[in-house]
> 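Quick one: this structure, given as structure tokens, is what I'll be asking you about.
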Amino acid sequence: MDRFDFKFELLHICAQSGARLGRLHTPHGIIDTPCYMPVGTQATVKAILPRDLKKIGASIILSNTYHLFERPGHALVKEAGGLHQFMNWDRPILTDSGGFQVFSLAASNKIKEDGVEFRSLLSGQKYFFTPEFVMEIEEALGADIAMVFDECAPYPSEYAYAKAAMERTHRWAKRCKESHTRADQALFGIVQGGTFRDLRVESAKYLAELDFPGYGIGGLSVGEPKPIMYEMLEELMPFMPATKPRYLMGVGSPDCLVEGVIRGVDMFDCVLQTRIARNGLALTGNGKHMLRNAAYEHDFSPIEEGCDCYACKNGFTRAYIRHLVKCKEILAAQLITVHNLRFSLRLMEQVRAAIAEDRLLDLRDEWKAKGALD
RNA sequence: GGAUGGGUUCCCGAGCGGCCAAAGGGAGCGGACUGUAAAUCCGUUGUCAUAGACUUCGGUGGUUCGAAUCCACCCCCAUCCA
């Protein structure tokens, strides 16, 4: 494809909260921000059809470089015509770089200056990921947005280590940028720096200079208390280019989504919604409901009164879903997944509307009072 | 009627003199889950209770310092033989 202009329109800033309302243009469509991106690690958002993802308003989904590299292999995805065609999803896709896997599977990996040596947990095979190789994979996958290969320091980390990981991430970001060739794919840099303010600021500044079309904020929500994550966001945000989208990686729960938006985040992704769905936990406007629990045995109301998801609109009751969960029926995962995703996407729709009306803090407080953010 | 194998805590099922309130599953109950090694994982499940105490292994007796475990009789169940 020809060069694509990944224009990010900053439409409005909430007078009450400072939250940003925007619109990101990609080859496969426009994304209204702030947005929540459902995660489809293995080229599928678990337990839901692409058709239904579209229906509930998912404008972009995530997939994973590391997983697809291992299975089925990026060459195969390329042979299929790219990830969109392979998984039958014609809206935007963002691929994570595998940097998080380096961190989350650290026991079996060696981090070196040039890249990371992986011992695959799937096959036992050894691989060596360099920034250049990751770019090759991500280009073969062909997502609208690719992430640079980064190193995500765990929490807690020593200052020296967080600094070293951040600096390595910076060098890798530069190398990613230099080796990235697809003009129809945006490459986002990733801010690191652990839980250290000065590092976060330094990282934001450094990456801003590299001039990426968008920026991930990585290494947060990795076990640190929420106030620390919020503080880091507040510290680094003034140094993020205002005209570029900001993507808080791996976040989050309803409360983190709202608090993130208030602190200037434009994009989020999180596996929580789909994972807890498969474990019987539903998100609602008055808090989480563990539908497996005996409390719902005779509860013939929908997961959430007034919800417009397929499960809630079509007579699927809590009692029935509890039955399905207890029987480990696949339909339980499907129904709760569609609900949790719709809940989160609707939450973001409402957040966007509130930004436009300069009342996001009011909305946050209303939700808090109702328990929606518990 | 005879032979053999069995009857264990909600269920299945180990245990075969003390380390047994009794392995392991299942089921039940509860919890966790935030760039997905996750339709996963963890806890709990006799009673009262802090410790600790008390009642359990078909029934009744017995042997023993001590029995789910050994003995006797009885009651059930399964298979086979008449």
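Note on naming: letters A, B, ... go to the chains in the order of the sequence lines (proteins, then strands), and numbering restarts at 1 for each one.
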> Under 4.0 Å from OP1 or OP2 of B:U34: is there any side-chain N or O of A:S221 that close?
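Indeed not, no polar side-chain atom of A:S221 lies that close.
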
> Look at all strands and tell whether A:D96 reaches a base, only sugar-phosphate, or nothing, counting heavy atoms closer than 4.0 Å.
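Base: the residue A:D96, judged by heavy atoms under 4.0 Å, touches a nucleobase.
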
> Look at all strands and tell whether A:L220 reaches a base, only sugar-phosphate, or nothing, counting heavy atoms closer than 4.0 Å.
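Nothing, no heavy atom under 4.0 Å.
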
> Base, sugar-phosphate or nothing for A:G219? Non-hydrogen atoms, less than 4.0 Å.
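It contacts base atoms.
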
> If we take the C1' atom in both B:A67 and B:C12, what is their distance in whole Å?
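To the nearest whole Å, 25 Å.
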
> Please determine, for B:U79, whether a Watson-Crick or G-U wobble partner exists with both distances under 3.5 Å, and give it or none.
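B:U79 is paired, partner B:A3.
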
> Starting from C1' on B:A37, measure out to CZ on A:F69 and report it in whole angstrom.
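Rounded to whole Å, this separation is 16 Å.
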
> Regarding B:A38, can its base be found pairing with the side chain of A:R278 as donor and acceptor, where the two atoms are less than 3.5 Å apart?
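Answer is no: no donor-acceptor pair is held.
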
> What string of B, S and - do you get for nucleotides 26-31 of chain B, 5' to 3', if B is base contact, S is sugar-phosphate-only contact and - is no contact with any protein heavy atom under 4.0 Å?
--SSSB

> Using atom P in both nucleotides, what's the gap between B:C70 and B:G7 to the nearest angstrom?
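Straight-line distance between the two P atoms is 11 Å.
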
> Using distance alone, with no hydrogens and no angle criterion, decide if A:Q192 and A:D150 have a side-chain donor and acceptor under 3.5 Å apart.
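Yes.
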
> Rounded to the nearest angstrom, tell me the gap between atom CE in A:M348 and atom C1' in B:U34.
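Checked: the CE to C1' distance equals 14 Å.
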
> Between A:L283 (CG) and B:C33 (P), how many Å, whole number?
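Atom CG in A:L283 sits about 12 Å away from atom P in B:C33.
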
> Give the rounded distance in Å between these two atoms: OH of A:Y36 and P of B:U34.
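After rounding, the gap between these two atoms is 12 Å.
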
> Indicate whether the side chain of A:E138 and that of A:H180 have a donor and an acceptor atom separated by less than 3.5 Å.
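No, no side-chain donor-acceptor contact under 3.5 Å.
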
> Going by an N to O cut-off under 4.0 Å, is there a salt bridge joining A:K174 and A:E178?
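Answer for the salt bridge query: yes.
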
> Nearest whole angstrom, please: distance from the C1' of B:U34 to the CG of A:L257.
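Distance check: A:L257 CG to B:U34 C1' gives 9 Å.
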
> Across all strands, who's sitting opposite B:G24 as a Watson-Crick or G-U wobble pair, both distances under 3.5 Å?
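B:C12 - that is the nucleotide pairing with B:G24, both distances being under 3.5 Å.
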
> Suppose we screen for salt bridge (Lys or Arg N to Asp or Glu O under 4.0 Å). Which residues come up paired with A:K163, at least two apart in sequence or across chains?
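A:K163: salt bridge (Lys or Arg N to Asp or Glu O under 4.0 Å) contacts with A:E167.
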
> Tell me: CG of A:L281 to P of B:C33, nearest whole Å?
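From A:L281 CG to B:C33 P: 9 Å.
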
> Side chain of A:L121 only, please: which of B:U40, B:A37, B:U36 is the nearest?
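Nearest listed nucleotide: B:A37.
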
> Please report the distance separating the C1' of B:G17 from the corresponding atom of B:C71, rounded so that it comes out in whole Å.
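The answer is 13 Å between these two C1' atoms.
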
> Take the protein atom CG of A:N279 and the nucleotide atom P of B:U36, then report the distance between them rounded to whole Å.
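It works out to 16 Å between those atoms.
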
> Using purine N1 to pyrimidine N3 plus N6-O4 or O6-N4 for Watson-Crick, or N1-O2 and O6-N3 for G-U wobble, both under 3.5 Å, which nucleotide pairs with B:U34?
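Pairing partner, where one exists within any strand: none, as none qualifies.
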
> Regarding A:R342 and the six-membered ring of A:Y310, is the cationic atom NZ or CZ under 6.0 Å from the ring centre and inside 45° of its axis?
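Judged by the rule (NZ or CZ under 6.0 Å from the ring centre, within 45° of its axis), A:R342 is not positioned above A:Y310.
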
> Less than 6.0 angstrom separating the ring centers of A:Y159 and A:Y161, yes or no?
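No, too far apart.
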
> Describe the nucleic acid contact of A:E70 in one word from base, sugar-phosphate, nothing, applying a heavy-atom distance below 4.0 Å.
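Counting heavy atoms under 4.0 Å across all strands, no contact is made by A:E70.
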
> Examine the side chains of A:H28 and A:D144 and answer whether a donor and an acceptor come within less than 3.5 Å of each other.
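Side chains of A:H28 and A:D144: pair found under 3.5 Å.
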
> Given the P atoms of B:A22 and B:U55, what is the spacing between them in whole Å?
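Those two atoms are separated by 16 Å.
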
> Are A:F118 and A:F128 an aromatic pair, judged by ring center distance below 6.0 Å?
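Judged by ring-centre distance (under 6.0 Å), A:F128 and A:F118 do not meet the cut-off.
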
> Between A:I276 and A:I330, which is nearer to the 5' end of RNA chain B once each is assigned its nearest nucleotide?
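The answer here is A:I276.
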
> Taking only residues two or more places apart in sequence, or in another chain, which ones meet A:H170 in a side chain to side chain donor-acceptor pair (under 3.5 Å)?
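For A:H170 the side chain to side chain donor-acceptor pair (under 3.5 Å) partners, ignoring immediate neighbours, are A:S203.
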
> Which nucleotide sits closest to the side chain of A:F100: B:A32, B:U36, B:U34?
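Nearest listed nucleotide: B:U36.
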
> Any idea which of B:A37, B:C33, B:A39 is nearest the A:K46 side chain?
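Shortest atom-to-atom distance from the side chain points to B:A39.
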
> Quick one: look up who B:G46 pairs with, Watson-Crick or G-U, both distances under 3.5 Å, and put none if it's unpaired.
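Check on B:G46: paired to B:C54, both distances under 3.5 Å.
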
> Under 3.5 Å for both donor-acceptor distances, Watson-Crick or wobble: does B:C65 have a partner, and if so which one?
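Result: B:G18.
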
> Given atom NZ of A:K226 and atom P of B:C33, what is their separation to the nearest angstrom?
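So the two atoms are 9 Å apart, to the nearest Å.
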
> Given B:C33, B:A38, B:U36, which nucleotide is nearest the side-chain atoms of A:Q42?
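Closest of the options to the side chain of A:Q42: B:A38.
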
> Is the glycosidic torsion of B:A53 within 90° of 0, making it syn, or is it anti?
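Classified anti.
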
